[in-house]
Amino acid sequence: QVQLVESGGGLVQAGGSLRLACAASDGTFSNYAMGWFRQAPGKEREFVARISRTGGNILYEDSVKGRFSISRDNAKNTVYLQMNSLKPEDTAVYYCAADTSPIQSRRGERYSYWGQGTQVTVSS
């Protein structure tokens, strides 16, 4: 069972940038597609981005397109989320998740493993 640990969250002003990282404990990291999700207070968890096993296929939620970039380094068992031009509405706990299926999905229930989350707060 793979364990996922997120890092890189924090407090940033609107317009600023943060880079989240998610490190996997499992040496079979390259077998998983990886996703980022977020959950704001009082709201449901929502999909942010997904990257396929090799990095060749990427999906983004519409509100983050052009601002966020997902990438992965299979040699380091790590997936990243570069977040630029941050807005107050990006404030949430961000989670990474691993999907054993190669079928692209934005649905959280399709992902088998989850990290504990990292808080991102964007001040106006």
Side-chain angles (χ1 to χ4, degrees):
Q1 180 172 344
V2 64
Q3 294 184 336
L4 304 173
V5 179
E6 301 96 336
S7 61
L11 173 64
V12 64
Q13 289 187 334
S17 298
L18 283 174
R19 189 192 196 201
L20 305 183
C22 172
S25 63
D26 197 322
T28 59
F29 175 74
S30 61
N31 290 343
Y32 304 107
M34 298 298 298
W36 285 97
F37 292 78
R38 64 187 180 185
Q39 187 167 20
K43 295 186 177 181
E44 294 187 352
R45 181 181 62 196
E46 68 172 351
F47 169 80
V48 176
R50 173 187 171 107
I51 188 167
S52 63
R53 296 170 180 177
T54 62
N57 289 304
I58 290 175
L59 291 175
Y60 291 105
E61 194 268 334
D62 286 347
S63 69
V64 307
K65 283 181 180 178
R67 300 189 299 121
F68 290 12
S69 176
I70 188 171
S71 62
R72 67 189 295 161
D73 185 338
N74 286 345
K76 295 183 178 180
N77 295 338
T78 302
V79 61
Y80 303 96
L81 186 68
Q82 177 66 44
M83 305 186 295
N84 299 326
S85 302
L86 282 161
K87 304 175 181 180
E89 51 264 43
D90 294 318
T91 295
V93 177
Y94 283 71
Y95 300 89
C96 70
D99 185 3
T100 58
S101 171
I103 300 173
Q104 294 281 59
S105 176
R106 301 168 185 261
R107 297 171 55 188
E109 57 266 32
R110 295 286 299 270
Y111 292 72
S112 301
Y113 305 107
W114 292 80
Q116 83 289 348
T118 185
Q119 176 70 47
V120 171
T121 302
V122 185
S123 63
S124 57

* From N77 CG over to C22 SG, what is the distance, rounded to the nearest 0.5 angstrom? -> 10.5 Å

* Structure fact -> Closest non-hydrogen contact found for G8 with L18 is O-CD2, 3.8 Å

* Quick one: does Y32's side chain get under 4.5 Å of T100's, heavy atoms only? -> yes

* To do: Please report the closest heavy-atom contact between S105 and L59, naming both atoms and the distance.
  => N-CD1, 4.5 Å

* To do: Describe, in one word, how the ring planes of W114 and F37 are oriented to each other, choosing from parallel (under 30°), tilted (30 to 60°) and perpendicular (over 60°).
  => tilted

* Measure across A98 and L4 and return the closest heavy-atom pair with its distance rounded to 0.1 Å. => N-CD1, 3.8 Å

* Asked: Same hydrophobic cluster for Y80 and Y111, using side-chain heavy-atom links shorter than 4.5 Å among ILVMFWY?
  -> no

* Is the backbone N or O of F29 less than 3.5 Å from a side-chain atom of R72, with the two atoms forming a donor-acceptor pair by type? -> yes

* Asked: Could you state the interatomic distance from OH (Y94) to CE (M83), rounded to the nearest 0.5 Å?
  -> 5.0 Å

* Structure fact -> In short, W36 meets I70 closest at the heavy-atom pair CD1-CD1, 3.5 Å

* To do: Have a look at D99 and tell me which of R107, R110, R50, R106 forms a salt bridge (Lys or Arg N to Asp or Glu O under 4.0 Å) with it.
  => R50

* ring pair (Phe, Tyr, Trp, His ring centres under 6.0 Å) involving F68 - partner list, sequence neighbours excluded -> none

* **Residue pairs, two or more places apart or on separate chains, that pass salt bridge (charged side-chain N to carboxylate O under 4.0 Å, His left out) and touch residues 51-64** => D62-K65

* Which value, rounded to the nearest 0.5 Å, describes the distance between S124 atom OG and K87 atom NZ? -> 14.0 Å

* Using modelled atom types only, decide if a donor and an acceptor are shared between the side chain of Q116 and the backbone of V5 within a distance under 3.5 Å. => no

* R67 side chain near D90 side chain, heavy-atom distance below 4.5 Å -> yes

* **Single-linkage hydrophobic cluster I51~V48, side-chain heavy atoms < 4.5 angstrom** => yes

* In terms of hydrophobic clustering (I, L, V, M, F, W, Y; side-chain heavy atoms under 4.5 Å; direct or indirect links), are V64 and V12 co-clustered? -> yes

* Just by modelled atom types, is the V122 backbone N or O under 3.5 Å from a matching donor or acceptor in the T91 side chain? -> yes

* Measuring from E44:CD to Q39:CD, what's the distance to the nearest 0.5 Å? -> 8.5 Å

* Structure fact -> Taken to the nearest 0.5 Å, the spacing of S30 OG from N74 CG works out to 5.0 Å

* Minimum heavy-atom distance between L81 and A49, given as atom pair plus value -> CD1-CB, 4.3 Å

* To do: Could you tell me whether the side chain of E6 and the main chain of C96 form a donor-acceptor pair under 3.5 Å?
  => yes

* Structure fact -> Note: A40 and A92 closest approach over all heavy atoms is N-CB, 3.8 Å

* Single-linkage hydrophobic cluster, 4.5 Å side-chain cutoff, V120 and M34 together -> yes

